[in-house]
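Starting from 1, each residue takes its place in the sequence as its number. These numbers come from a predicted model, not from an experiment.
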Amino acid sequence: MGNKLYVLGAGPGGREEVTPAVSAAIAASRAVACAARHLHIAAGHPNVIEMKNFQDTFRRLREELEQGDAAVVVSGDPGIFSLLPLIKKNFPSHGIVVLPGVSSLQSLCAKAGETWQEAVVLSGHGREIGTPKILDAVEHARAVIFFCDAQKGPAWLCARLCEAGLGEVEAVVGERLGAADERVSRGAAREFVNESFDALSIVLLINENFTERPPLLPEDADFIRGGAPMTREEVRAVITAKLRLTPDSVVWDLGAGTGSVSVAAARLCRELHAAEIDAEAAALVRANAEKFRLHNVTVHEGSALAVMEHLPDPDVVFIGGSGPELPAILERTAARGAGIRVVVSAVSLKTIALCTEVLAGDKFENFDAAQVAVSRMKTVGKTQIWQAQNPVVIFSATTRAAKGE
């Protein structure tokens, strides 16, 4: 089977918090790789590799593994936001043995006297994370744990909360946990906006007034209404299914109306941009996004053609209302690249004919169309009858790669 590569959890940082099993693995290994802040954990070992550059470290470890077992010390616990996935990728043929440690998450929750089995765990440490994802978690969960780095530290995090009206959420900040100079601070998020914290910080956010997540597909009566048109709930359910969203999808809703599709889609995607030319309707979209506490919806007031030029590249485009701009919208969407899913709802025969011609044309593929005809119960006197609604045709297709690409 070959020599073992140990991936060892250093715990919060103090040597006394390293488990006996981890200490034994360090002692038994021919070489031990660790970051500068963990050198004290391997103190006394005759062959310590200080990690500065991953590739150089991995090269040294391969050399050592030819002659015996080796170890890599990672911060906290290898099972949460650690180097373990990168190590496994670079040593696919070696027998990797993982020994857990006490994570900073566990340490901070213990110091705060809080459980974490229902907490949402997020990390901005050396990785991209959108502010809406953080706000959504804090809005709808009692506890959120956030791993910080130098750019996305506790003050940055608390400032984002304050901007979203969540400044009263309780924050517990742990700095350099396990070290002799560790510090734990507790207070409202608004109190920490102008404070300075160590780059090695972790934050526990406690929102005692969190809101339950609304139903995945709200009813028509749940929306704030005005004079703008609204896609009815049965049709909206089919549209939402046809969008085929993922948690990473970037979505455009062009001609958003009241914002009912925007709200439904935003529950399922990373980022949603709603374009609406009518000022009253745009205000309704904002009001409904606020009502449902959706932080990933951005409303752009203006014509779809004018707005879409400034939007990030989409994964999915829904067109619910566009008028005479529809041909140009479809053309410019196709020009944004291959693989964009386009869904259009149509009622008029003119729009149905146009979508059939364009979406079944050479700039799109995977063309599909489905007609949704809904009848709603209506009470007349002492009895109930069916009342038919206007049928809606839902088109879908995917932009095709241009010839030569």
Rounded distance [0.5 Å steps], [atom1] in [X] versus [atom2] in [Y]:
X	Y	atom1	atom2	value
I87	F58	CD1	CZ	5.5 Å
Q106	L108	CD	CG	11.5 Å
L272	F318	CG	CZ	11.0 Å
C158	E163	SG	CD	11.5 Å
L122	R127	CG	CZ	10.5 Å
R270	K133	CZ	NZ	9.5 Å

- Message: Evaluate L105 against F81 for side-chain contact (heavy atoms from CB on, under 4.5 Å), listing each step before the verdict.
- Response: CA-CA 11 Å; L105 177 158; F81 295 120; over 6 Å; no
Neighbour count >12 (heavy atoms, 6.0 Å) for atom [atom1], [X]:
X	atom1	answer
N194	CG	no
R176	CZ	no
E309	CD	yes
N209	CG	no
R213	CZ	yes
Q117	CD	yes
H125	NE2	no
E219	CD	no

- Does the side-chain contact (heavy atoms from CB on, under 4.5 Å) test come out yes or no for K111 and L177, once each step is laid out? CA-CA 10 Å; K111 296 176 189 301; L177 294 173; 3.9 Å; yes
Provide the closest heavy-atom pair for [X] versus [Y] in the form atom of the first, atom of the second, distance.
X	Y	result
A264	L217	CB-CD2, 4.3 Å
S29	H45	O-NE2, 2.8 Å
V263	P218	CG1-CG, 4.4 Å
F364	T399	CE2-CG2, 3.7 Å
L61	A71	CD2-O, 4.0 Å
P324	P327	O-CD, 3.4 Å

Is a side-chain N or O of [X] found less than 3.5 angstrom from the main chain of [Y], in a donor-acceptor match?
X	Y	answer
N288	I224	yes
H273	P312	no
R400	D362	yes
S185	V173	no
K152	G124	yes
T211	E139	yes
S82	L84	yes
E276	G257	yes
E175	F197	no
S107	S103	no

Heavy-atom check, side chain of [X] versus side chain of [Y], under 4.5 Å:
X	Y	result
I26	Y6	no
F210	V169	no
L200	R37	yes
W116	C109	yes
L205	L157	yes
N296	D136	no
V250	C269	no
I239	S345	yes

- Item | Residues Q55, N90; criterion side-chain contact (heavy atoms from CB on, under 4.5 Å); working and verdict | CA-CA 9 Å; Q55 294 310 314; N90 280 271; 3.9 Å; yes
Do the charged groups of [X] and [Y] touch, with an N to O distance under 4.0 Å?
X	Y	answer
D220	R236	yes
E66	R62	no
R186	E114	yes

- Message: Under a 3.5 Å threshold, yes or no: a donor from one side chain and an acceptor from the other, between Q67 and R30?
- Response: yes
- Query: With distance as the sole criterion, is a donor-acceptor pair present between the side chains of T246 and S249 under 3.5 Å?
  - Reply: yes
- Item | For L99, the option from V22, T19, D77 that meets side-chain contact (heavy atoms from CB on, under 4.5 Å) | V22
- For the side-chain contact (heavy atoms from CB on, under 4.5 Å) test, which of I96, L83, V7, V98 pairs with K88? I96
- Task: Just do the side-chain contact (heavy atoms from CB on, under 4.5 Å) check on R142 and N207 with the steps written out, would you?
- Result: CA-CA 5 Å; R142 179 184 178 274; N207 184 3; 5.9 Å; no
